[in-house]
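Structure first, then comments.
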Amino acid sequence: MYRHLEGRLTQHVRDFLRRTYDLELPRIVIEQPPRVELGEYALPLAFELAKKLRKSPRKIAEEIVAGLGAVPGFEKFELAGAGYINAHVKREELASALAADEKPRAQVPPGKILVEHTSINPNKAAHIGHLRNAILGDTFVRLLQFAGRDVDVQNYIDNTGVQVADVVVGFLHIEKKSREEIEQVTRQPRFDYYCWDLYARVSQWYEQNKENRTARHQVLHAIGEGGNETAAIADVISIMVLRRHLMTMDRLGIEAFAKLKESGVLYLETEGKNKGCWVMKRAGASVGEGEQLSEEDQKVIVRSNGTVGYVGKDIAYHLWKFGLLGRDFGYRKFYHYPRGHDCWISTTVGALDHPHFGGVEEIYNVIDARQAEAQNSVIEALRALGYNRQADHYTHFSYEMVALTPRCAAELGYQLSEEDKARSYIEVSGRKGFGVKADDLIDSLIASAKKEVDDRHAAVAEPERLSIATQIAVGALRYFMLKFTKSSVIAFDFKEALSFEGETGPYAQYAVVRAGNIFRKGGMEPDQFTGEEIDFSKYFSGEGGNEIWELWLASSKTSYIIDQCIATAEPAYLAKHAFQLAQQFNYFYHRYPILSEPDEERKKFLLTTVAVVRRELIRALAVMGISVPPVM
RNA sequence: GCGCCCUUAGCUCAGUUGGAUAGAGCGUCUGGCUACGAACCAGAAGGUCGGGAGUUCGAAUCUCUCAGGGCGCACCA
């Protein structure tokens with residue numbers, strides 16, 4: 001609703017400027033006044049116009065206020081400060097529309113969007129950094145879906161790379177296991193944990209003796225060729241680890257379609273260290289007319305042995321995403337989610353009947369900031385091939401890593417150098433087996449939540465207590481990963497991540513539970529309160545009126561905030577908003593007794609207020625993938 | 001060396017397109033449960049927005065510069 005009114009206001013201001021001053025502004029800036037008494041929207045545009053029109057901002061603001069005329073939904077426009085124009089909405093109109101849950105239609109751009117996220121190397125257990133990726137990606141998918149977009153999700157897996165090869169080396173050369181024995185091990189419940197440790201051992205083994213690295217090259221080569229024992233082993237391992245990753249993410253309600261990777265921008269370099277390779281200009285490198293591209297500005301796409309490197313594969317993959325490759329993969333069902341969806345995986349020979357994947361309008365790649373250069377290379381390649389429109393709709397959804405605080409690392413039993421102890425955070429390393437595994441974190445969150453639930457709700461049956469604890473754990477984890485902006489490195493600490501108080505998911509869940517309790521105690525349903533027969537104008541005036549109005553106004557902003565999250569590719573704004581809404585509700589909850597309100601009409605109004613806030617909070621949380629337990 | 005990111009309260013972080021008095025959580029201190037459940041709320045203390053210069057009616061936000069920290073710069077992915 002808030003977004004809708006803002007749009008209308010922008011339109012009227014635009015018309016007025018054109019009519020009166022013959023002016024066309026690229027953007028009408030609309031802000032929010034510091035206090036609701038001042039109005040719901042603030043326009044600083046008189047300051048901007050002052051120079052163009054050679055008049056004082058105050059004078060211009062006066063003219064605009066006088067000339068704007070009536071705008072549907074708005075009460076009045078006021079001049080404030082040195083030249084602000086504050087717009088006051090008709091509170092009772094907005095409230096009544098909000099109570100009835102009216103949703104003004106918004107324009108939805110056509111075309112499908114593809115979000116790539118999770119994409120973990122299938123050679124070890126997922127860790128907290130992967131959780132950030134998956135949670136950000138999944139939330140962004142939900143944001144787009146909320147806005148009415150058609151979204152596909154892909155989890156891009158490279159089962160032919162060095163990382164998988166290294167684990168194969170571990171099984172064959174360190175543990176000296178046969179194919180049968182390896183297959184036996186893959187059936188362990190947490191096979192990915194086994195690989196986590198083995199992968200770290202392999203790295204050590206390489207350190208011990210440089211010659212051990214020849215094993216890597218042999219295995220890598222065998223996997224690349226295919227059709228042999230080693231390749232079959234690599235396949236079994238990567239498929240089983242991938243399955244484990246899907247299960248881990250499933251615990252958090254994250255679903256994806258998986259895709260395995262199988263397999264003129266360029267020129268053949270004939271001299272120097274890149275001799276025999278097909279190379280392209282590295283993203284960001286500038287070359288003058290007729291100048292040679294220096295070695296350090298070259299990016300190798302095809303190696304001298306004919307195999308294709310990561311960026312090369314990624315260019316092909318992205319051509320496919322935009323439907324420019326001219327050929328498609330085969331697909332088969334791979335994993336069935338309990339909520340009814342299927343996860344498909346690409347293969348050489350697939351099922352005849354499968355959904356259409358690829359050929360999308362826009363793409364978002366949830367990939368961490370360290371790979372910015374590689375991502376830019378792919379975009380550069382698309383442009384060089386003439387696909388500028390596609391390159392413009394290619395977004396590297398970049399986020400910073402999750403590191404560990406030195407204290408957390410010490411708790412996990414890692415030996416730290418004096419230098420590391422002084423740092424504010426330490427990067428995790430899969431190679432060293434240094435990090436917090438995703439399932440371990442989820443386990444401890446559930447255990448910790450379970451303890452709280454057991455203490456508070458001894459009367460509730462055991463399976464239900466576990467289910468409540470799980471919802472709280474997921475809420476805490478997802479909120480934790482979303483409350484930081486993408487550009488901020490998360491210094492992970494168990495104490496903070498396991499907190500259920502303050503700015504956390506459970507805080508917001510608790511506000512919804514409390515709101516629900518009011519209706520439960522009163523023997524009512526929240527759906528009953530749709531605002532009919534309520535004279536809202538009685539309750540939004542005066543001091544107390546502003547207070548409650550603030551809660552209504554915040555509730556009206558869900559789609560406005562979600563639009564901003566999409567435009568800026570920043571889900572953290574929604575997390576912030578949900579928290580603030582919960583906070584305002586808790587304030588209201590303490591200040592206004594509702595069930596004991598003697599005035600029946602006012603009581604109905606207060607109950608409607610609760611119903612609206614509860615509904616919007618549930619909505620906002622759902623977009624973050626957070627559900628609310630029946631009791632807490 | 002080159003490129004990208006970061007520096008805001010004791011700690012962890014918000015501050016969207018420059019705008020009205022720079023905010024929140026945690027921690028500390030003080031107070032509030034016979035209940036619409038305290039996983040909550042109220043109050044207090046706590047700031048040269050890393051330093052400097054510039055643009056602007058107006059800068060935490062834009063530009064330059066210096067300092068400190070991080071991450072990239074493989075025929076790895």
Side-chain angles (χ1 to χ4, degrees), chain A residues 27-31 33-35 38 42 44 47 50-51 56-57 80-84 86 119 121 158 161-163 220 273-279 282-285 296-297 299-305 307-311 313-314 368-374 376 398 400-401 403 405 423-425 427 449 452-453 456 472 476 483-485 487-491 493 495-496 499-504 506-507 509-511 513-522 561 564-565 567-568 570 572-573 575-576 579-580 583 586-587 589-597 606-607 610 631-632:
Chain A
R27 205 183 52 240
I28 309 283
V29 175
I30 297 191
E31 292 163 356
R35 296 183 306 279
L38 297 174
F47 298 108
K51 204 173 257 179
S56 77
Y84 275 99
N86 289 338
S119 303
N121 268 311
D158 185 3
V162 173
Q163 300 218 25
L220 200 51
K273 89 174 174 163
N274 290 334
K275 185 177 176 182
C277 297
W278 288 86
V279 300
R282 190 178 291 290
E296 61 188 37
D297 283 341
K299 175 71 200 165
V300 173
I301 305 299
V302 182
R303 305 178 189 118
S304 54
N305 63 8
T307 58
V308 183
Y310 168 75
V311 172
K313 289 179 187 173
D314 230 23
D368 81 88
R370 287 169 290 192
Q371 294 188 49
E373 242 187 87
N376 288 336
S398 165
E400 271 295 347
M401 60 182 170
T405 60
R423 290 171 191 266
S424 52
Y425 55 82
E427 194 176 352
E452 296 289 328
V453 176
R456 289 160 209 245
I472 293 169
K483 73 188 231 186
F484 301 94
T485 52
S487 62
S488 164
V489 174
I490 298 180
D493 196 306
K495 189 166 158 270
E496 243 188 287
S499 167
F500 300 144
E501 289 164 18
E503 195 193 340
T504 65
Y507 176 95
Q509 289 172 315
Y510 186 57
V513 169
R514 286 177 132 185
N517 283 348
I518 297 172
F519 295 105
R520 198 166 39 80
K521 268 278 163 65
I561 300 287
Q564 291 196 331
C565 289
T568 54
E570 181 52 87
Y573 298 136
K576 211 62 166 186
F579 172 66
Q580 281 166 354
Q583 212 174 21
N586 276 330
Y587 175 81
Y589 179 93
H590 273 272
R591 252 178 98 84
Y592 298 87
I594 293 160
L595 291 177
S596 57
E597 169 62 46
L606 293 173
L607 282 163
V610 177
V631 292
M632 274 180 83

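Each chain gets a letter, A, B and so on, in the order its sequence line appears, and its residues count up from 1. Note that the coordinates shown come from a computational prediction; the quantities given were computed from them, not determined experimentally.
With sequence neighbours excluded, the residues forming a ring-ring contact (aromatic ring centres under 6.0 Å, His included) with A:F519 are A:F529, listed by chain and number. Among residues two or more places apart in sequence or in another chain, the ring-ring contact (aromatic ring centres under 6.0 Å, His included) test is passed with A:F500 by none. With sequence neighbours left out, A:Y507 forms a side-chain contact (heavy atoms from CB on, under 4.5 Å) with A:T504, A:F579, A:A582, A:Q583, A:N586. By the side-chain contact (heavy atoms from CB on, under 4.5 Å) test, A:S398 is found to be paired with A:A369, A:H396, residues two or more places apart in sequence or in another chain being considered. Judged as a side-chain contact (heavy atoms from CB on, under 4.5 Å), and not counting sequence neighbours, the contacts of A:Q564 are A:Y560.
Remark: B:rG1 base-pairs with B:rC73. Criterion, Watson-Crick or G-U wobble with two distances under 3.5 Å. B:rU21: no Watson-Crick or G-U partner with both key distances under 3.5 Å is found in any strand.
Nearest to the side chain of A:T568, among B:rG72, B:rC26, B:rU16, sits B:rU16.
Between A:F47 atom CZ and B:rU55 atom C1' the separation is 18 Å, expressed in whole Å. Here B:rG72 presents its P atom at 11 Å from CD of A:E373, a figure rounded to the nearest Å.
Smallest separation of non-hydrogen atoms from A:N121 and A:D158: OD1-O, 4.0 Å.
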Pick out the pairs of N or O atoms, protein on one side and nucleotides 36-41 of chain B on the other, that lie under 3.5 Å.
from, atom 1, to, atom 2, distance (Å)
B:rC36, O2', A:I518, N, 3.2
B:rC36, O2, A:I594, N, 3.3
B:rC36, O2, A:L595, N, 3.0
B:rC36, N3, A:I594, N, 3.0
B:rC36, N4, A:Y589, O, 2.4
B:rC36, N4, A:Y592, O, 2.5
B:rG37, OP1, A:N517, ND2, 3.1
B:rG37, OP2, A:K521, NZ, 2.9
B:rG37, O2', A:Y510, OH, 2.8
B:rG37, O6, A:H457, ND1, 2.8
B:rG37, O6, A:H457, NE2, 3.4
B:rA38, OP2, A:R514, NH2, 2.5
B:rA39, OP1, A:Y510, OH, 2.9
B:rA39, OP2, A:R456, NH1, 2.4
B:rA39, N9, A:R456, NH1, 3.2
B:rA39, N7, A:R456, NE, 3.3
B:rA39, N7, A:R456, NH1, 2.6
B:rC40, OP1, A:G502, N, 3.2
B:rC40, O3', A:N586, ND2, 3.4
B:rC40, O2', A:R514, NH1, 2.9
B:rC40, O2', A:R514, NH2, 3.4
B:rC40, O2', A:H590, NE2, 3.0
B:rC41, OP1, A:Y507, OH, 2.3
B:rC41, O4', A:H590, NE2, 3.2

